[in-house]
Amino acid sequence: QVQLVESGGGLVQAGGSLRLSCAASGRTFSSYAMGWFRQAPGMRREFVAAIGWSAGSTYYADSVKPRFTISRDNAKNTVYLQMNSLKPEDTAVYYCAAKLGFIVTTTSRDYDYWGQGTQVTVSS
């Protein structure tokens with residue numbers, strides 16, 4: 001079992017930056033691929049970014065390239081999402097997710113554990 005807790009969300013003006021953190025507890029963090037997803041009101045949950053266990057492979061949705069950067073610190077059991085040049089359309093609840101194994105995917109149903117989400121609101 002893995003517990004995930006996101007933090008770092010908030011209200012920011014367009015063009016600003018936020019860094020989301022996801023702290024993991026439970027089983028060996030480095031065994032998991034990690035992902036960030038988001039869901040805006042009335043919309044389906046969508047992939048944002050993912051990172052492999054060794055941080056050697058990263059993937060991004062086209063809508064966030066090159067503004068967002070995903071990273072992880074296995075010593076701290078934490079994954080980060082640095083978000084720069086934020087736009088109003090980035091407004092959503094952001095979820096951290098963990099997937100057991102070394103294969104990184106962009107599909108939400110492949111992920112085994114989810115955090116509770118953190119709200120990001122970008123004002124115009």
Side-chain angles (χ1 to χ4, degrees):
Q1 188 76 14
V2 173
Q3 293 80 42
L4 303 172
V5 178
E6 302 98 333
S7 61
L11 174 64
V12 64
Q13 288 188 331
S17 298
L18 284 174
R19 188 176 82 154
L20 305 183
S21 299
C22 174
S25 61
R27 300 183 63 180
T28 307
F29 178 70
S30 60
S31 300
Y32 288 81
M34 300 297 296
W36 286 97
F37 293 79
R38 67 187 182 186
Q39 187 167 19
M43 304 293 287
R44 298 179 65 178
R45 188 170 298 187
E46 65 174 1
F47 168 75
V48 175
I51 188 167
W53 67 277
S54 67
S57 54
T58 56
Y59 301 86
Y60 297 93
D62 288 342
S63 59
V64 305
K65 292 179 183 177
R67 301 180 296 121
F68 290 11
T69 302
I70 189 171
S71 61
R72 67 189 295 164
D73 185 337
N74 289 340
K76 295 182 178 179
N77 284 6
T78 302
V79 63
Y80 304 97
L81 185 68
Q82 178 67 43
M83 305 185 295
N84 299 328
S85 301
L86 282 161
K87 305 175 181 180
E89 51 263 45
D90 294 319
T91 295
V93 177
Y94 282 70
Y95 297 91
C96 172
K99 174 189 173 294
L100 182 62
F102 302 133
I103 298 175
V104 182
T105 75
T106 63
T107 305
S108 60
R109 63 176 178 269
D110 292 335
Y111 286 77
D112 303 296
Y113 303 101
W114 292 82
Q116 82 289 349
T118 185
Q119 176 70 47
V120 171
T121 303
V122 184
S123 63
S124 57

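- Aromatic rings of F47 and Y59 (six-membered ring for Trp) have centroids beyond the 6.0 Å cut-off, not under it.
- Considering only residues two or more places apart in sequence or on other chains, S7 meets the side-chain hydrogen bond (donor to acceptor under 3.5 Å, both in side chains) condition with none of them.
- Here the shortest heavy-atom pairing between A24 and L4 reads CB-CD2, 3.6 Å.
- Atom OG1 of T69 and atom CZ of R19 lie 11.5 Å apart (nearest 0.5 Å).
- The closest side-chain heavy-atom distance from W114 to C96 is not below 4.5 Å.
- Rounded to the nearest 0.5 angstrom, Q3 CD and N77 CG are separated by 11.0 Å.
- L81 and A49 get closest at one heavy-atom pair: CD1-CB, 4.1 Å.
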* Might you work through the side chain to side chain contact (heavy atoms under 4.5 Å, CB included) test for R38 and S63, ending with a clear yes or no? => CA-CA 12 Å; R38 67 187 182 186; S63 59; 3.5 Å; yes
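- Identified under the ring pair (Phe, Tyr, Trp, His ring centres under 6.0 Å) test for residues 62-109, with sequence neighbours left out: W53-F102.
- Expressed to the nearest 0.5 Å, how far OG of S71 lies from CE of M34 amounts to 11.5 Å.
- Y113 and V93 sit in two unconnected hydrophobic clusters of ILVMFWY residues. Membership requires side-chain heavy atoms under 4.5 Å apart, directly or through other members.
- Between D90 and R67, some side-chain heavy-atom pair lies under the 4.5 Å cut-off.
- A pairwise comparison of heavy atoms in V122 and T91 identifies N-OG1, 2.9 Å as the closest pair.
- Under a 4.5 Å side-chain heavy-atom cut-off, the cluster of Ile, Leu, Val, Met, Phe, Trp and Tyr residues that includes I103 has no other member.
- When hydrophobic clusters are built by joining Ile, Leu, Val, Met, Phe, Trp and Tyr residues whose side-chain heavy atoms come closer than 4.5 Å, directly or via intermediates, V64 is not grouped with Y111.
- Closest heavy-atom contact between A40 and A92: N-CB, 3.8 Å.
- Closest of all the heavy-atom pairs between S124 and A14 is CA-CB, 4.4 Å.
- Side chain of R72 to main chain of G52: a donor-acceptor pair is present (N/O by atom type, distance under 3.5 Å, no hydrogens or angles).
- Each of Y32 and F37 belongs to its own hydrophobic cluster when Ile, Leu, Val, Met, Phe, Trp and Tyr are linked at side-chain heavy-atom distances under 4.5 angstrom.
- Judged purely by atom type and a 3.5 angstrom limit, D112 uses its side chain to pair as donor or acceptor with the backbone of L100.
- Side-chain contact between S21 and K76 is absent, with no heavy atoms from C-beta onward closer than 4.5 Å.
- Scanning both residues, A33 and V104, for their nearest heavy atoms gives CB-CG2, 4.1 Å.
- Residues L20 and E6 are not in side-chain contact: their nearest non-hydrogen atoms beyond the backbone lie 4.5 Å or more apart.
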